[in-house]
Amino acid sequence: MAKESGADLIGIADPKELSGQEYQGNSPLEISEQFQSIILIGVMIPKGAFMPLPKGRALYTNTLMAGTATLRIISYKIARKLEEENYLASIAPSEGSEFGYWYADKKTLKADFSMKYAAFCAGLGSFGKNHLFISEKYGSRVRFMAIVTDALLEHGTRSATFLHSSCKNCTACIDACPAHAIHEDGTISRSSCAEYMFQTLGGLRCGMCIRSCPLSCPD
Ligand code: SF4
Ligand code: SF4
């Protein structure tokens with residue numbers, strides 16, 4: 001159903017895997033211990049939305065939001081289908097939205113749980129130094145939405161190392177970040193990134209950590 005509706009990536013993660021030292025996000029099980037599966041739906045964001053950056057921020061932001069709208073439609077269909085089958089299902093938001101970090105914890109700017117990490121646990125790809133999910137086919141040009149459900153579905157397993165091997169000798173995203181939010185030591189300043197997009201750019205998205213990445217936007 002997800003594929004027919006336009007999803008490019010689909011995976012299922014075990015909520016219990018979102019824990020441990022490597023994981024820095026919140027646990028979905030803190031919201032409800034009844035969650036048995038996280039269904040990840042991803043859509044690729046067209047490369048053409050990134051190539052005119054940084055000047056084309058309005059084009060990029062609008063395309064990104066079209067991706068979010070597509071994900072909402074697909075996720076809603078799936079949530080309804082699960083409920084027809086007598087399971088409970090809800091659609092989890094990512095930390096960023098049309099309204100900024102509206103859904104995120106206001107102190108940490110973190111979402112209820114990391115969809116990117118869930119996608120990694122589901123075997124869909126790995127992470128980059130840009131702190132974004134990296135898929136083999138699209139790099140970081142992907143956007144996710146997740147459905148949490150009490151349906152015990154078959155969980156995927158990790159298929160890659162946490163950090164993508166191409167990141168080892170690359171600093172392109174660190175060098176390109178106008179807010180200096182991505183650091184060499186592997187940390188990221190969410191507040192610097194948020195401040196840049198929602199104050200300096202007035203809500204338009206930046207995207208330079210994807211535009212500069214050779215895995216996402218090869219020239
Ligand atoms: S730009 Fe380089 S270091 Fe950053 S995520 Fe892409 S490959 Fe990794
Ligand atoms: S979106 Fe822009 S400001 Fe935020 S981390 Fe990426 S490059 Fe830096």
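Atoms within a ligand are numbered from 1 in the order they appear, just like the ligands themselves.
A donor atom on one side chain and an acceptor atom on the other are not found under 3.5 Å apart for Y117 and Q24. Q36 and H155 form no side-chain donor-acceptor contact under 3.5 Å, judged by distance and modelled atom types alone.
Each of the atoms 3 (S), 5 (S), 7 (S), 8 (Fe) of ligand 1 lies under 4.0 Å from some heavy atom of C167. Within the listing of ligand 1, atoms 1 (S), 2 (Fe), 3 (S), 7 (S) sit less than 4.0 angstrom from a heavy atom of C170. Residue contact check: A172 has heavy atoms under 4.0 Å from atoms 1 (S) of ligand 1.
A side-chain contact (heavy atoms from CB on, under 4.5 Å) with L215 is found for one member of S166, C173, S140, S135 and no other, namely S166. The only option from I174, T187, D175, T171 that meets the side-chain contact (heavy atoms from CB on, under 4.5 Å) definition with I182 turns out to be I174.
For atom 8 (Fe) of ligand 2, protein N, O or S atoms closer than 2.8 Å were enumerated as C177 SG, with waters left out.
Ranking protein heavy atoms by distance to atom 6 (Fe) of ligand 1, first place goes to C213 SG, 2.4 Å.
F144 is not listed as a side-chain neighbour of L71, based on a closest heavy-atom distance of 4.5 Å or more.
F35 and I78 fall into different hydrophobic clusters, defined by Ile, Leu, Val, Met, Phe, Trp and Tyr side-chain heavy atoms under 4.5 Å apart, directly or through other members. Two different hydrophobic clusters hold L59 and L53 under the rule that ILVMFWY side chains link at heavy-atom gaps under 4.5 Å.
Aromatic pair F133/F120: centroids not less than 6.0 angstrom apart.
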